[in-house]
Amino acid sequence: MKKIVTIVKRIVISGFLLYGYNLIAVNFNMILPINFITLFSVSFFGTPALIALVLFRILVL
């Protein structure tokens with residue numbers, strides 16, 4: 001039960017992190033979609049995944 005609570009907590013925190021980033025990045029037109037892939041990667045890897053997604057967005061698009 002403790003593991004499930006920890007996993008849900010990480011998913012919720014990563015959702016808020018992505019939403020907060022999108023609030024700031026909307027001025028620069030660099031928003032990231034909040035979908036299963038981005039939510040899973042940020043909840044599993046943390047902020048380095050968010051930085052990697054932003055760099056990927058800059059380099060590819």
Is the number of heavy atoms from other residues, nucleotides or ligands within 6.0 Å of CD1 (I37) greater than 12?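 Count not over threshold, so no.
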Are [X] and [Y] grouped together when hydrophobic residues (ILVMFWY) are joined by side-chain heavy atoms under 4.5 angstrom apart?
| X | Y | result |
| --- | --- | --- |
| I7 | V12 | no |
| F28 | L50 | yes |
| I11 | I4 | no |

Atom CG in N22, atom CG in L17: separation rounded to 0.5 Å?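 The CG atom of L17 is 10.0 Å from CG of N22, to the nearest 0.5 Å.
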From CG (L39) to CZ (F44), nearest 0.5 Å: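 Reported value, rounded in 0.5 Å steps: 13.5 Å.
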Who pairs with I58 by side chain to side chain contact (heavy atoms under 4.5 Å, CB included), at least two apart in sequence or on another chain?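 Applying side chain to side chain contact (heavy atoms under 4.5 Å, CB included) to I58 gives M30, V54.
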Residues in side chain to side chain contact (heavy atoms under 4.5 Å, CB included) with L53, at least two apart?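 So L53 forms a side chain to side chain contact (heavy atoms under 4.5 Å, CB included) with L32, T38, S41, V42.
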Heavy-atom closest contact (V26 atom, I31 atom, distance):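 Looking at all heavy atoms of both residues, the shortest contact is CA-CG2, 3.9 Å.
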Could you pull out all residues at least two apart from S43 that satisfy side-chain hydrogen bond (donor to acceptor under 3.5 Å, both in side chains)?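 With sequence neighbours excluded, S43 shows a side-chain hydrogen bond (donor to acceptor under 3.5 Å, both in side chains) to no residue whatsoever.
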